[in-house]
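What follows is one structure encoded as structure tokens, with my remarks underneath.
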Protein chains: 2
Amino acid sequence: MVQIRKRTRDRDRRSVAATTLAELLSPALFRALCDPGRLQILGRLACCGKSCTVGEIGEGCEVDLSVVSRHLAMLREAGVLSSSKRGRNVYYGLDVDRLAAKLRAMADALEACCPPGAARRVDERQRKS
Amino acid sequence: MVQIRKRTRDRDRRSVAATTLAELLSPALFRALCDPGRLQILGRLACCGKSCTVGEIGEGCEVDLSVVSRHLAMLREAGVLSSSKRGRNVYYGLDVDRLAAKLRAMADALEACCPPGAARRVDERQRKS
DNA sequence: AGCATACTTGCATAATGGTGCAAATACGCA
DNA sequence: TGCGTATTTGCACCATTATGCAAGTATGCT
């Protein structure tokens, strides 16, 4: 009885994890991160540690400023960056903790979704048969 | 003196973190994950918890099996899935722990790269001026 | 060997994405 | 208001990617 109740709880937990996983693994986020130029911007903002204007971010980039602007907009729409306008300037900033939390949530959801114990190895099935 | 030594260490740590970050944030990985179909496959394999054949994975997918096969190959090349052949079948499996570890490493690198303390808030700069 | 099954690959096509230039918009300042 | 600066947007072009179909390869079975 205890055993059955426990299994039921496990199944529920996995089910919730599955929906969570599907929500967390959004194509849009990965889409935003899959371009080298955008990743470069992300890295810059992470290391710089403060929000910067489009012009500042574009400095040293070989691409047109309009491209940088579009990259930034895309990262903002994906929830990676936040922006705020101040005078003529638009400051884009990376909320490191937010992004880190999102990545860790994905990791957690992946593990929670996975059936407990047995099935964590890729090659298990081959070994059996 | 102690203060200076500490700052130097912090700078070193951030510098290492920056290179690590650049290595971890690989476009290829995000590239592999940015397609809805591939994410669906990933989710299935995560929840199923064991490696499956191409045919099994393709069941219920509306796309051609050749597309599934290509998606799987792409995920394998990105280091997300591993595969092994057994008879006529090819088993693709997700190593959940490996992927989760990769995501957490990204989160750690992001935080390590960020200058300590002050600069974790996006809107700090606007508040100053 | 011959045939069936499982998967991959070549190829053509359609869709999507990245880029630069030029024009438009938004704003501050005199 | 008029001008200069910062950023975004429209548009055309080129490159990349996704897809389905058909053909190819690899393997098991009789």
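Each chain gets a letter, A, B and so on, in the order its sequence line appears, and its residues count up from 1. These values consider heavy atoms only, across backbone and side chains, with no hydrogens, waters or symmetry-generated copies.
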Do any side-chain atoms of residues 59-70 of chain B form donor-acceptor pairs under 3.5 angstrom with protein atoms, and if so which ones, sequence neighbours left out?
unit_1	atom_1	unit_2	atom_2	d
Asp64(B)	OD2	Ser66(B)	N	2.8
Asp64(B)	OD2	Ser66(B)	OG	2.9

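Overall bending of the helix from dA1(C)-dT30(D) to dA30(C)-dT1(D), expressed as the angle between end axes built from five pairs apiece, is 20° (10° steps).
Sequence neighbours left out, the pairs with a member in residues 100-109 of chain A that pass side-chain hydrogen bond (donor to acceptor under 3.5 Å, both in side chains) are Arg104(A)-Asp108(B), Arg104(A)-Glu111(B), Asp108(A)-Arg104(B).
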Stepwise side chain to side chain contact (heavy atoms under 4.5 Å, CB included) test for Leu42(B) and Leu81(B): CA-CA 9 Å; Leu42(B) 190 66; Leu81(B) 302 181; 4.3 Å; yes
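For Arg38(B), there are no side chain to side chain donor-acceptor pair (under 3.5 Å) partners at least two apart in sequence or on another chain. For Arg76(A), the side chain to side chain donor-acceptor pair (under 3.5 Å) partners are Ser83(A), Tyr92(A), not counting sequence neighbours. Applying the side-chain contact (heavy atoms from CB on, under 4.5 Å) test to Ala109(B) and every residue at least two apart in sequence or in another chain returns Thr20(B), Leu21(B), Leu24(B). Under the rule for a side-chain contact (heavy atoms from CB on, under 4.5 Å), Ala101(B) has no partner lying at least two apart in sequence or in another chain. Residues forming a side-chain contact (heavy atoms from CB on, under 4.5 Å) with Pro36(A) (at least two apart in sequence, or on another chain): Pro27(B).
Taken from CG in Leu45(A) to CG in Leu75(A), the straight-line distance is 8.5 Å, to the nearest 0.5 Å. Atom CG of Leu39(B) is separated from atom CG of Asp35(B) by 7.5 Å, given to the nearest 0.5 angstrom.
The OH-P distance, from Tyr91(A) to dT8(D), rounds to 13 Å in whole Å. In this entry the distance linking CG of Leu75(A) with P of dT8(D) reads 12 Å, nearest Å. Going from atom CD of Glu77(B) over to atom C1' of dT17(D) covers 14 Å, rounded to whole Å.
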Whether each nucleotide of nucleotides 8-18 of chain C has a protein heavy atom under 4.0 Å at its base (B), only at its sugar-phosphate (S) or at neither (-) is summarised, 5' to 3', as SBBB-----SS
In B/S/- notation (B base, S sugar-phosphate only, - none; protein heavy atoms under 4.0 Å), nucleotides 24-30 of chain D written 5' to 3' is --SBS--
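Here Asn89(A) does not reach the OP1 or OP2 of dT5(D): none of its side-chain N or O atoms lies under 4.0 Å away.
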